[in-house]
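Report on one structure; see the data block that follows.
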Amino acid sequence: MKNDLRQEQERLDLVTGTITEQMSKLADEAGRRRSEVTHIQKHFWDEVKVNTDTFDDYLETIIGLRQQAQALTVSQSTHRHAKSRLSVLERMQKSPYFGRIDFTEEGTRETEKVYIGISTLTDSSGEDFLVYDWRAPVSSVYYDYPPGPAEYTTPGGVIKGNLETKWQYIIREGVVESMFDTSLTIGDEILKEVLGKGTDKHMHSIVATIQQEQNRIIRHVSGKLLIVQGAAGSGKTSAAMQRIAYLLYKYRDRLKADQIILFSPNSMFNSYVSNVLPELGEENMQQVTFQEYMYHRLSGSFKVEDPYEQLEYVLTAEDEPARRTRTASIKFKASTSFFETVKAYSHSLEETGMVFKGIKFRGKPFVSAKQISERFYGTDTSIRFSNRIEKLQEWLNAKIDETEKAELNKPWVQEEIELLSKDEYQKAFAYLEKRKGSEEDLDDYEQEIKVLGRMVVRRKLKPLRKWVQELRFVDFTALYRQLFSDPMHINKWMTGTAPEEWADICGMTMNMLDEGRLNYEDAPPFLFLKEQIQGFQTNTSIKHVLVDEAQDYSPFQFEFLKRLFPLAKMTVLGDFNQAIFVHASGLSDFHPLLSLYGPDETEAILLNRSYRSTKPITDFTRKLVPNGDQIASFERGGEMPVMTTISDRAELHRRITAKVADFQTQGHHSIAIICKSAAESSEVFNALSNIPDIKLVKSGSAEYEQGIVVIPAYLAKGIEFDAVIIYDASAQVYGDASLRRLFYTACTRALHLLQIYSEGEPCAFLQEVPRESLIWS
C-alpha cells in the first residue's frame, strides 16, 4: 500500500505541475486580453473613420464599426473564458481528483485508468486526459457500478466493458493522504469524513460522495417532470444542484445558467446554496421564492400575506375562534377541487357574470360599467376569452380617440393652455419647428393653439389609456368576491362537496377583500382567475425549473409554474414528513403531481437513506413519523440524542446557556436553538441575550447566519447545524397532533448532537419513541 501511495503521489505531482503550468499561461492570457479590452474600449472611435457623405462612405463606416465591435466582443469573451478556467484550475490545484476507475473496454485488452475530478484536464499536448470531468459519460461508471460488467452512454452509442477496480482518494494541499479500494472497504470512508466535518456558511459541492440513487437524479434527462421524494438529509438538494451543473455541462451549447430558475423556500436558503454551482465552475442560476413572485404580481392591488405569516398564525392562534375556519380555508383553497372550481367559474364568465368598472373623464362618466358589459357580451362568444378582452380594449381606445378630437375646442382646453409652464411651451414650439410648412393654411398662432390644445387633451387622456392598457376597467376583486358572495353559488361550478365551514369561509374571505388584504391561500387562486381572464403571461426563455421543498406547494402553484414556463422541464424535490403547511396535512406523497404532465412525461425517484445525521440521531428521528421505518440511517457513529425535563423557565435558560458553551468547547461552531414559532423565537432570543454573539433568524433574513442562532423550525428547513437544541418539546407547546411533522423537521436539522428540553411533561411524539432511542435525564 505504501508503494501504491508513493506511485500515486508521483502521478499527483505530475498533474499539479500541469495545472500550475496551465494556470500561468491562462493568467498571462487573461491579463493580455484584459489589456486588449481596455485598449479597444478606450480607443474605439480612434480606429473608426466616420464618414457619411456618400453611400459608399456610409457603408465603409458601418463595416468599420462592426469590425471594432466584433473585436471587442471576441476579446471580452476570451477574457471571460480564461478567467473562468483559471478559477476552476485554482480549485483543482489542491485536490485535482477524488476518484478513479480501472475500466477495460469490451473488445480490448488494455485497462484504462480514469481519474475523476470537478473538471477535465489534459496534458500539454491536449491529447491525453489526466482528469475526467465528473459529468463526462465515462464518469457515470464510477457512481453507478461495483466492480464487474459496466457500461456508459456516449453520443456515439453505448460503451460496454468491465470495471476492474474503483478507488477513492483523500487529497489535501497536493498530498495523497489516503486511498480506498471501494470494492474492499466496508462503508464509504470519504462520505463519513465529509459528513463528519462541521458545517459552513454555505452548502458545498460534494461530487466525491454522490451515491448511485443520487446519480440517477443528476443524469436524468427524459420527460418533462422529475419528482424526487427523499427523507430529511438524503441529499435531495445537493443532488439537484449537481443536476443543474450536469445539465449546464451536457447542454452547454444551448443551455445557460440564466435559463434555469430555482424556486426555494426563502431568501436565507438561497444564500445557503449559492456556493454550489460556482464551486463546480458554473455560473449561478436565477433564484427566487414563490412569495416574491406573488408579491410582484399582486402588491399593487392588495396587502399580500407572506406564507410564514400564514404559518405563524396557525401555530400561535390555537385559542382563537376563527382558527378552525382559517385552517379549513387554507386546505380547501389549495386543493385540486378548488382549482377546478375556479377554472369552471372562469369559463362561466364567458357567458355571464363579468364585473366591470366605469371610466370617468374630468370627473364625469366616460363609459359606464353597463356599456362595457353590453359591449363585451355583444361580441362573438366563440372568440377566445382573452381575445374578447383585447377587442374591448380596442373599442375603448377608439372611444378615447374620438374624445380627443371632440374635446380640442372645449373652453377648458384654453384654460389649461393658459396655465402651461414655460418648459411645456418650449416643447410645443420645438414640435412646431419640425412641422413647419406642413399646414400652410394656418397661421403661426392657429398652429400654436392647435398643438398646445392637442398636448393638453392628450395629457388628460393619458391616465385613461393606461387604465385601459392595464385592464383596470375589469373589477378582478369583485370577480373573485363573487365566488364567495353566496355560499350556495359554489354548487354551480363545483363537482365535489365544499367543506362544512364553507359559509364561514365565505364571510371571512369577503371581509378580507373589503379590507384590501389577500391571505396567502387566496393569492394563487386570485392570480389564476386574473390570468384566465386576461391571458397567461408566460416566460419562454426559461428552460428548466427547480422547486425545492415542493411539499409546501399547492396544486394551484404547480399549475401556475407549468403555465408560466411553458417550455421548461421541471425538477421538484420534497419530503412529506416535513410538510408543515396546513394545506399539505394528510398527504404522504406527490401523487397529485402525476397529472401535471401525464405519466409518460413524469418520473419519480425515492431517496430513503439519510446521510445528514449520525446513526443515533437518524434512528431516533425516524421513530417520530408514521412511515419512518422506510428511512435507512447511514453508518456514522455519534452520541445519542438527549431528552431533559426542566421544571421552570429560569432553569431551562440556565441549562441552555451551559449546553451552548459545552457544544462550543467540543468544537461545534454551528448551533441552532430551534423554537416552534417566530413569536417563541423572539422571546427566547431576548431571554438568552447573555450568550455571546447569539443571533435571531427572522423570515426576512437574507443571509444564512453562521454561529449560534435562535430560529423557528419552519425557517430551519433545508439547513443543517453541527448541534441542535430543541427549546421546549413539552406537551403544552407541541400538544397538537398536527405539529408532528414540524417537530420532526426541527430534530432532523442536527448533524452531530441533538439536545431536547421540555418544561414539564414532554409531548406525545417523544413519549411514543422507544426508550432505547433517547437518553432521558
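Atoms considered below: every heavy atom in the structure, side chains included; atoms not considered: hydrogens, waters and symmetry mates.
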For Gln557 and Glu559: C-alpha separation, side-chain torsions, deciding distance, then whether side chain to side chain donor-acceptor pair (under 3.5 Å) applies. CA-CA 5 Å; Gln557 290 167 300; Glu559 191 68 33; over 6 Å; no
With Lys717, which of Asp548, Thr748, Thr745, Asp552 fulfils side chain to side chain donor-acceptor pair (under 3.5 Å)? Asp552
May I have the step-by-step check of side-chain contact (heavy atoms from CB on, under 4.5 Å) for Phe565 and Thr538, ending in yes or no? CA-CA 6 Å; Phe565 307 109; Thr538 60; over 6 Å; no
Side chain of Lys236, backbone of Gly230: donor and acceptor closer than 3.5 Å? yes
Can you tell if the side chain of Asp728 reaches within under 4.5 Å of the side chain of Arg649, non-hydrogen atoms only? yes
Please report the shortest heavy-atom distance between Ile505 and Pro499, naming the atom on each side. CD1-CG, 3.9 Å
Would you confirm whether the ring centroid of Phe590 sits within less than 6.0 angstrom of the ring centroid of Phe576? yes
Can you tell me how far the CD atom of Glu549 sits from the OH atom of Tyr553, to the nearest 0.5 Å? 9.0 Å
Evaluate the side-chain proximity of Met494 to Ser337: yes if any heavy-atom separation is below 4.5 Å, no if none is. yes
Indicate yes or no for a side-chain donor-acceptor contact from Gln534 to the backbone of Leu471 under 3.5 Å, with no hydrogens or angles considered. no
Should we say atom CD of Gln732 is surrounded by more than 12 heavy atoms from elsewhere, each under 6.0 Å from it? no
Beyond-backbone contact of Lys370 with Glu374, side-chain heavy atoms, under 4.5 angstrom: yes
Pair Val547, Phe290 - check side-chain contact (heavy atoms from CB on, under 4.5 Å), show working. CA-CA 10 Å; Val547 182; Phe290 195 83; over 6 Å; no
Does Thr403 use its side chain to pair, donor to acceptor, with the backbone of Lys399 at less than 3.5 Å? yes
Are Phe721 and Ile671 packed together at the side-chain level, in the sense that at least one heavy-atom pair is separated by less than 4.5 angstrom? no
Backbone N/O of Ala678 and side chain of Ser682: donor-acceptor pair under 3.5 Å: no
For Phe376, does the six-membered ring have the charged nitrogen or CZ of Arg388 within the cation-pi criterion, i.e. under 6.0 angstrom from the centroid and within 45° of the normal? yes
Can you confirm whether more than 12 heavy atoms, excluding those of Tyr295, are under 6.0 Å from its OH atom? no
With a 3.5 Å distance limit and no angle check, can you tell me whether Ser485 reaches the backbone of Gln482 through a side-chain donor-acceptor pair? yes
If you look only at pairs with a residue in residues 486-496, which of them pass as a side chain to side chain donor-acceptor pair (under 3.5 Å), with sequence neighbours excluded? Ser348-Trp493
Option passing ring pair (Phe, Tyr, Trp, His ring centres under 6.0 Å) with Phe339 (candidates Phe558, Phe560, Phe528): Phe528
Name of the residue among Glu305, Arg481, Arg517 meeting side-chain contact (heavy atoms from CB on, under 4.5 Å) with Met512: Arg517
Within the structure provided, determine whether Leu696 and Ser681 are in side-chain contact (heavy-atom separation under 4.5 Å). yes
Would you compute the distance between atom CG of Asp258 and atom CD of Gln286 and round it to the nearest 0.5 angstrom? 6.5 Å
Taking CZ in Arg324 as the centre, count heavy atoms belonging to other residues, nucleotides or ligands within less than 6.0 Å. Is the count above 12? no
State, with a plain yes or no, whether a side-chain heavy atom of Lys360 is found less than 4.5 Å away from one of Trp467. no
Flag side-chain contact, heavy atom, 4.5 Å: Leu513 against Leu518: yes
Would a distance-only check, ignoring hydrogens and angles, find a side-chain to backbone donor-acceptor pair under 3.5 Å from Glu312 to Ala679? yes
Show the numbers, then the answer: is there a side-chain contact (heavy atoms from CB on, under 4.5 Å) between Leu715 and Ser699? CA-CA 7 Å; Leu715 286 182; Ser699 62; 4.3 Å; yes
Check for a donor-acceptor pair, side chain of Glu601 on one end and backbone N or O of Lys224 on the other, with a separation under 3.5 Å. yes
For the aromatic rings, using the six-membered ring if either is Trp, is the centroid distance between Phe526 and Phe302 under 6.0 Å? yes
Between Tyr377 (side chain) and Gly353 (backbone), is there a donor-acceptor pair under 3.5 Å? yes
Has the side chain of Gln287 got a donor or acceptor atom that lies under 3.5 Å from a matching backbone atom of Leu262? no
Examine distances only and state if a side-chain atom of Lys530 and a backbone atom of Phe476 form a donor-acceptor pair shorter than 3.5 Å. no
Within 6.0 angstrom of Lys698 NZ, more than 12 heavy atoms from elsewhere: no
Aromatic ring pairing Trp502/Phe332, orientation class (parallel under 30°, perpendicular over 60°, tilted between): perpendicular
For Asp693, look at atom CG and say whether over 12 heavy atoms of other residues, nucleotides or ligands are found less than 6.0 Å away. no
Residue pair Tyr345 / Gln532, side-chain donor-acceptor N/O under 3.5 Å: no
Do you know which of Gln537, Arg563, Arg297 makes side chain to side chain donor-acceptor pair (under 3.5 Å) with Glu531? Arg297
side-chain contact (heavy atoms from CB on, under 4.5 Å) for Ile330 and Val314? Distances and angles first, verdict last. CA-CA 10 Å; Ile330 293 169; Val314 173; 4.0 Å; yes
Given the ring of Phe484, does Lys333 sit roughly above its face, with NZ or CZ under 6.0 Å from the centre of the six-membered ring and within 45° of the axis? yes
Let me know which of Lys462, Arg465, Arg459 forms a salt bridge (Lys or Arg N to Asp or Glu O under 4.0 Å) with Glu404. Arg465
Can Glu680 and Ser677 be counted as having a side-chain donor-acceptor contact under 3.5 angstrom? no
Listed once per pair and sorted, the salt bridge (Lys or Arg N to Asp or Glu O under 4.0 Å) pairs that draw on residues 285-296, sequence neighbours left out: none
Tyr520: partners by ring pair (Phe, Tyr, Trp, His ring centres under 6.0 Å), with sequence neighbours left out: none
Any non-hydrogen side-chain atom of Val273 less than 4.5 Å from a side-chain atom of Ser264? no
State which residue, out of Glu759, His653, Lys676, fulfils the side chain to side chain donor-acceptor pair (under 3.5 Å) condition with Tyr727. His653
Test salt bridge (charged side-chain N to carboxylate O under 4.0 Å, His left out) applied to Glu521 and Arg326, step by step: CA-CA 10 Å; Glu521 65 269 22; Arg326 180 76 196 275; 2.7 Å; yes
